[in-house]
Amino acid sequence: QKEVEQDPGPLSVPEGAIVSLNCTYSNSAFQYFMWYRQYSRKGPELLMYTYSSGNKEDGRFTAQVDKSSKYISLFIRDSQPSDSATYLCAMKISGGSNYKLTFGKGTLLTVNP
Amino acid sequence: NAGVTQTPKFRILKIGQSMTLQCTQDMNHNYMYWYRQDPGMGLKLIYYSVGAGITDKGEVPNGYNVSRSTTEDFPLRLELAAPSQTSVYFCASSYGAGVDTQYFGPGTRLTVL
């Protein structure tokens, strides 16, 4: 079983739709959960991160973590064509000296005007 | 403040050739990383460094070498290029480990023929 599983898509939605992106993981030691956005031919950029379980909201974006199910989600409300990108989940175990990020394979999202 | 810069943007190599991918950051970050991203495969860590003079292997170090003589620069050396090294290479940096954000460069697209 892979440490982090992410459906690669592609996912195509109309403008204004609610988008749900998901990852599952197997390592119960993961404590930090991140979502990176990567535009075509660009480097990933951090979109949101959450610690442990719960929700975090930032504008149109909401990140959810369910540690009991080992499942994380990113919701995008009122999706815009500018949200078209690949979304990568990433996870890290706790510990001040720990650097290692484990990435999902990424989901390609297209928002059609 | 340019962030993380990488050169070149693109390169085609013949099998057996060598090259150095350059990475520079101007954020005074201690940690620097090299990742490769293959289509549909997510990001894999090649090497990382926790400060000048200190480097260590990541998940996929074979065929690569690094050095870190200054805080700002972290070049990646490919010796005896092979088709399996065809990939997009990303350099990243962070102030520390733990929850510190990793900032990515724009990438170098390498093809080995």
Side-chain angles (χ1 to χ4, degrees), chain A residues 2-11 21 23-27 29-52 56 58 63 65 72 85-109, chain B residues 2-10 21 23-25 27 29-51 54-61 74 87-110:
Chain A
K2 289 191 171 57
E3 272 199 300
V4 179
E5 301 264 16
Q6 183 175 8
D7 186 341
L11 188 59
L21 304 165
C23 289
T24 59
Y25 62 95
S26 58
N27 188 346
F30 287 136
Q31 292 277 9
Y32 296 104
F33 304 91
M34 283 145 271
W35 287 95
Y36 279 81
R37 179 174 60 196
Q38 184 176 20
Y39 290 115
S40 180
R41 299 192 175 248
K42 301 287 186 186
E45 56 178 342
L46 182 66
L47 193 59
M48 297 184 73
Y49 87 85
T50 52
Y51 174 69
S52 196
K56 186 172 185 178
D58 184 3
V65 175
I72 71 169
T86 295
Y87 290 80
L88 299 143
C89 62
M91 307 178 187
K92 187 189 285 196
I93 65 173
S94 63
S97 62
N98 183 52
Y99 66 91
K100 185 179 181 328
L101 281 176
T102 302
F103 285 89
K105 293 183 179 181
T107 300
L108 177 61
L109 171 68
Chain B
V4 180
T5 57
Q6 292 182 240
T7 56
K9 286 189 170 57
F10 307 94
L21 282 66
C23 174
T24 300
Q25 54 91 9
M27 297 175 281
H29 284 170
N30 297 309
Y31 282 64
M32 294 187 76
Y33 315 82
W34 274 106
Y35 291 90
R36 60 177 288 172
Q37 186 177 38
D38 301 316
M41 294 300 293
L43 286 151
K44 299 291 185 188
L45 184 66
I46 305 171
Y47 270 95
Y48 71 100
S49 169
V50 303
I54 307 170
T55 63
D56 207 348
K57 296 176 180 178
E59 300 171 76
V60 290
F74 190 40
S87 190
V88 182
Y89 292 84
F90 290 101
C91 180
S93 72
S94 64
Y95 183 72
V99 296
D100 285 351
T101 302
Q102 290 189 21
Y103 295 87
F104 284 79
T108 293
R109 194 171 293 268
L110 176 68

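Because the structure is a prediction, the values reported are computed rather than measured. Naming convention: chains lettered A, B, ... in sequence-line order (proteins, then strands); numbering from 1 in each chain.
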Quiz prompt | Results of salt bridge (Lys or Arg N to Asp or Glu O under 4.0 Å) for Asp7(A) - residues two or more places apart only | solution =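 Asp7(A) satisfies salt bridge (Lys or Arg N to Asp or Glu O under 4.0 Å) with no other residue.
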Quiz item: Take atom NZ in Lys56(A); do more than 12 heavy atoms of anything else shown fall under 6.0 Å from it?
Solution: yes
Quiz item: Take atom OH in Tyr95(B); do more than 12 heavy atoms of anything else shown fall under 6.0 Å from it?
Solution: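 At most 12 heavy atoms, drawn from other residues, nucleotides or ligands, come within 6.0 Å of this atom.
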For the [atom1] atom of [X] and the [atom2] atom of [Y], what is their distance to the nearest 0.5 Å?
| X | Y | atom1 | atom2 | value |
| --- | --- | --- | --- | --- |
| Tyr103(B) | Glu45(A) | OH | CD | 11.0 Å |
| Leu43(B) | Tyr36(A) | CG | OH | 9.5 Å |
| Glu59(B) | Thr102(A) | CD | OG1 | 6.5 Å |

Residue [X] versus chain A: region with a heavy atom under 4.5 Å:
| X | result |
| --- | --- |
| Tyr35(B) | side chain |
| Leu45(B) | side chain |
| Phe10(B) | side chain |

Self-check item: Sub-4.5 Å side-chain heavy-atom contact between Gln102(B) and Leu46(A)
Solution: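 No, their side chains stay 4.5 Å or more apart.
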Quiz item: Do Gln38(A) and Phe90(B) touch side chain to side chain, with heavy atoms closer than 4.5 Å?
Solution: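 Counting from C-beta outward, Gln38(A) and Phe90(B) do come under 4.5 Å.
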Exercise. With sequence neighbours left out, write down each residue that passes side-chain contact (heavy atoms from CB on, under 4.5 Å) with Met41(B), or none if nothing qualifies.
Key: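 By the side-chain contact (heavy atoms from CB on, under 4.5 Å) rule, Met41(B) matches Lys105(A), Asp38(B).
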Quiz item: Side chain, backbone, both or neither: which part of Pro44(A) has a non-hydrogen atom closer than 4.5 Å to chain B?
Solution: both
Exercise. Name the region of Gln6(A), side chain, backbone, both or neither, that has any atom closer than 4.5 Å to a heavy atom of chain B.
Key: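 Contact with chain B: none, neither part.
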